[in-house]
Amino acid sequence: MRELAKAYDPHKSEDAIYKNWECKGYFRGKTNPSKKPYSIVIPPPNITGILHMGHALNDTIQDILVRFNRMKGFETEWMPGTDHAGIATQNVVEKKLAKEGIKRQDLGRDKFIDEIWRWRKDYGSTIIRQLKKLGCSCDWDRTRFTMDEGLSEAVLEVFVRLYKKGLIYRGNYIINWCPRCQTALSDEESQHKDVDGLLYHIKYPVKGSKEFIVVATTRPETMLGDVAIAVNPKDKRYKDLKDKTLLLPILNRELKIIYDPLVDMKFGTGALKVTPAHDPVDFGLGQKYNLEQINVMNEDATINSIGGDYEGMDRLEAREAIITDLKDRGLFIKSEAHRHAVGHCYRCHTMVEPRLSPQWFVKMKPLAEPAIAAVNEGRIKFYPERWTKVYLDWMNNIRDWCISRQIWWGHRIPVYYCKDCGEVMVLKLPPVKCSKCGLQNIEQDPDVLDTWFSSWLWPFSTFGWPKESPELKYFYPTNSLVTAQEIIFFWVARMIMAGMEFMRDIPFKDVYIHGTVRDITGTKMSKSLGNVIDPLDMIKKYGTDALRFSIVSITSQGQDVFLSENKFELGRNFANKLWNASRFILMNLKEEEIAVDLCVFFKESELALPERWILSRLYSNLNDVERCLGEYKFNEAANIIYEFIWHEFCDWYIEIAKSTITEKSVQVVLYKVLEKSLRMLHPFMPFITEEIWQKLPRKNDAADDSIMIQPWPHVQKDIISNKAEGDMKCVINIITAIRNIRSVWNIPPSREMSALINVHGKKDEEFLNENMEMIKRLSRLSSLEAGKKSKPKNSAVSVVVTFEVYVPLEGVIDFDKERARLKKEEERISSEIKSIAARLKNRHFTSKAPEDVIEKQKARKADLELQIKKIKDNLRNIG
RNA sequence: GGGCACUUAGCUCAGUUGGUUAGAGCGUUGCGUUCACAUCGCAGAGGUCAGAGGUUCGACCCCUCUAGUGCCCACCA
């Protein structure tokens, strides 16, 4: 009646299904006072971004949460959007222009920014299309961009507020400078990488003497800016230098000697050259001892005019040249291998140069305090929990945040200077005239803000803040934030601070930190390494659901995932399995039979064991899946569903049902289990479940339009039955035992085989007789009898708890082999009995272990003893 | 220098109030298939849970140490 194709083809329907959801407005979150809200804000991907496996994992997890909670009856909002990604985007567009031979300076600021907006129009929503391909049920009508009008207003508002509060200041400090991007970076944007470098030992002559002291440095080029030498006051080696002056080699600048306990006597020679304009430690010493700051480099890290002969050289070139010159003058002693951590630009990986320059900063300590409290008080929880400590350690040692960037793409700093009187004005809107002198000669600060200065407002700016919109009121605070560990400091911590400061409330309740997607060797996937597995390729090859299901089921909570392409077969095969099971059921379903309420039906019908069993398993598993989703254990949830659908429902129940499929009870159970399984699976595999669900016979009203707006199945606790599950397990064991005998003795399925089962007691006999047909059919027996039986000659035997299964094997059986088989079984059981017996004899065990554990052990022992007795009997009369 | 994670079957990985016989996928061995599915079915083989010590009646699980691997943070130039 309702035909499905023989194999599942994801490409035929995914796009149409998605379009339908979107058109019907099912992704839309409304402010609905009669429902409870559930909201998530997406970690906004960069507009330069293209979908990679990290996104695939991150956004699949969010979609699972959103779809699950939508089905659970929450008013659901998944807020999507993109990040303008200041430096990254500017770099991309600069590169594009470079191909046409154009520099951004040729265009000028305004035209260059126009160029980026144009680029964004053409390419900036690629990632959004790809997220749709992934099946994400984001509320696209609300899609935000960190540079759109509303969010820009939020940024200005925040800047002005923090400035007025004294939490934003401008200062001349050592910051991380990327000479390639030619901008300041925050501490987080400078990534430390171990580098094999050299530690150079250089002589610094003592003025007016033949003496010298030796200084060790990794960056000799910065010596051009040296103003002092520092030693530890406890260092006896340098005691006598107190009143002397040193000479800077080559430039012959006079250098002071300062004594400071900060200097490590054990490192190098114990003498530190002090270059306040080029090193953070030296900067600090410079402040303390009021030293001159001599900047010897240009913005591109070439040496400036102070560097004399070295002017114009790149920093590394200058390093070589200086070493050569020092050698010529006999001032070079040696260089030794030295491995140390060097900061690199997180965008272009150029070595960062510590540089003295005027920048804007946010004072973080006051912002951090409430954010620390929110986590300490448990109002925000991290999953896995260990990230709490990482967060708190960072927050407790937080340093001020450098927020100004010397680039053009971004939120321009709302600070205006009067060129006449020097007044500084911090305002959301540009002033017409100077507030102090009244003249109109006003200039805006040329810098823009760090990209993260807009991202940290994301959980409320996207809902309309600073306006008090109904959405903000309804959906804030959000429920879960799903992200990767790399951006805990960049983003998560700062969002918490911003939330506490501007909303006076946490931005989200749970933070789920998932692992990093790596290649099979454990290396992080990156385009430049060429080790990426492209999710879109995988979608083409295996289908979206396969991608989603596979990546989720192989990623355990918070662990990194090592990916290889063949892992996607798991999801594809599972989809096909489900498809074919559905196909089979639909082929056999009589519509008029199934329109019943399952609970009523269950109460009023005498269901047979397999039906009672599969329903019990359905609800047991459903219960577990819900629990796992609540604990962010997505792989466990996925695996439970996989195991249930494939191995319990398909392998056992459907196989059993084949012979009884025309009966009403079987029809009902097949349909109900399939239908509820589809719902349970829908958050993980939205497309195939929708497609099959659309083929199911059902009412045709609007509420019945799509599986994604159906309620999550309710766990019917009274249908869960330990007895049914235990009984069925016993039947399965008997069938498996007989199949095993067939396999061991190499009896092809085509060959007839019969069996006898020896039972003790009426109850067992009744139980077997009730399930006789099922056992017979699934073990391919021509005849099966149960009762008080003795073993026929030439039989193989298998003991299943209290049952002895005899399979006559005239002409096939080899008694030595059978004896060996039983012996092996006997050994296994007797060794287990031994260990249980020892345990039960142990007084400490019986006195200390809980009652139920002891009872279980006793029962187990009794079972095993019964089994071994039967095996021994059979061993005795083999033949 | 500080911190975190990992080490379980040939491979990739699951495994929490500590309690029978440690699981899965892939691979592998044997058998099978017109009758939902070879993207399949049935039955197997395969593990001293990194090593050492400790706590406990009982440890893959808790504690200590060791070894190896990976990651994060850090102003030893």
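Computed over heavy atoms, backbone and side chain alike; hydrogens, waters and symmetry mates excluded. So that the names make sense, note that chain A is the first sequence line, chain B the second, and so on, each numbered from 1.
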Quick check, are the ring centers of [X] and [Y] under 6.0 angstrom apart?
X	Y	result
A:F684	A:F574	no
A:W579	A:Y8	yes
A:Y642	A:W646	yes

Counting side-chain heavy atoms from C-beta on, which of [options] comes nearest to [X]?
X	options	result
A:R739	B:C42, B:C37, B:C31	B:C42
A:R839	B:G19, B:U12, B:C37	B:G19
A:N635	B:C40, B:A14, B:A77	B:A14
A:K389	B:A36, B:A43, B:C4	B:C4
A:R518	B:C71, B:A36, B:U39	B:C71
A:N576	B:A43, B:C37, B:A36	B:C37
A:F267	B:C76, B:C75, B:A36	B:C76
A:H192	B:A74, B:U20, B:G19	B:A74
A:N573	B:C40, B:C13, B:C4	B:C40
A:K824	B:A45, B:A36, B:G25	B:A45

Looking at every strand, decide which applies to [X] at a 4.0 Å heavy-atom threshold: base, sugar-phosphate, or nothing.
X	value
A:F489	sugar-phosphate
A:H278	nothing
A:Q559	sugar-phosphate
A:S564	nothing
A:K567	sugar-phosphate
A:K658	base
A:W646	sugar-phosphate
A:V263	base
A:K6	sugar-phosphate
A:P850	base
A:S553	nothing
A:R399	sugar-phosphate
A:R572	base
A:D651	sugar-phosphate

Hey, is [X] close enough to [Y] for a salt bridge, meaning N to O under 4.0 Å?
X	Y	answer
A:E825	A:R821	no
A:K856	A:D852	no
A:K12	A:E691	no
A:E827	A:K824	no

Please report the distance separating the [atom1] of [N] from the corresponding atom of [M], rounded so that it comes out in whole Å.
N	M	atom1	value
B:G27	B:C40	P	9 Å
B:C63	B:U55	P	15 Å
B:U20	B:A59	P	12 Å
B:G47	B:C11	C1'	14 Å
B:A9	B:G44	C1'	14 Å
B:G46	B:U7	P	24 Å
B:G2	B:G15	C1'	31 Å

- hbond_proxy A:E655 side chain to B:A36 base (donor-acceptor, 3.5 Å cutoff):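 Donor-acceptor pair under 3.5 Å: yes.
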
- Gap between atoms CZ and P, on A:R780 and B:G32 respectively (whole Å):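 These atoms are roughly 12 Å apart.
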
- Length of the line joining A:I554:CD1 and B:G25:P, which is rounded to integer Å: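 Atom CD1 in A:I554 sits about 15 Å away from atom P in B:G25.
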
- Message: If you compare every side-chain N and O of A:R219 against the phosphate oxygens of B:A77 (OP1, OP2), does one of them come in below 4.0 Å?
- Response: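 Answer no for this pair, as no side-chain N or O of A:R219 is under 4.0 Å from OP1 or OP2.
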
- B:C60 pairs with, by Watson-Crick or G-U criteria that keep both distances under 3.5 Å: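 With both distances under 3.5 Å required, B:C60 matches none.
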
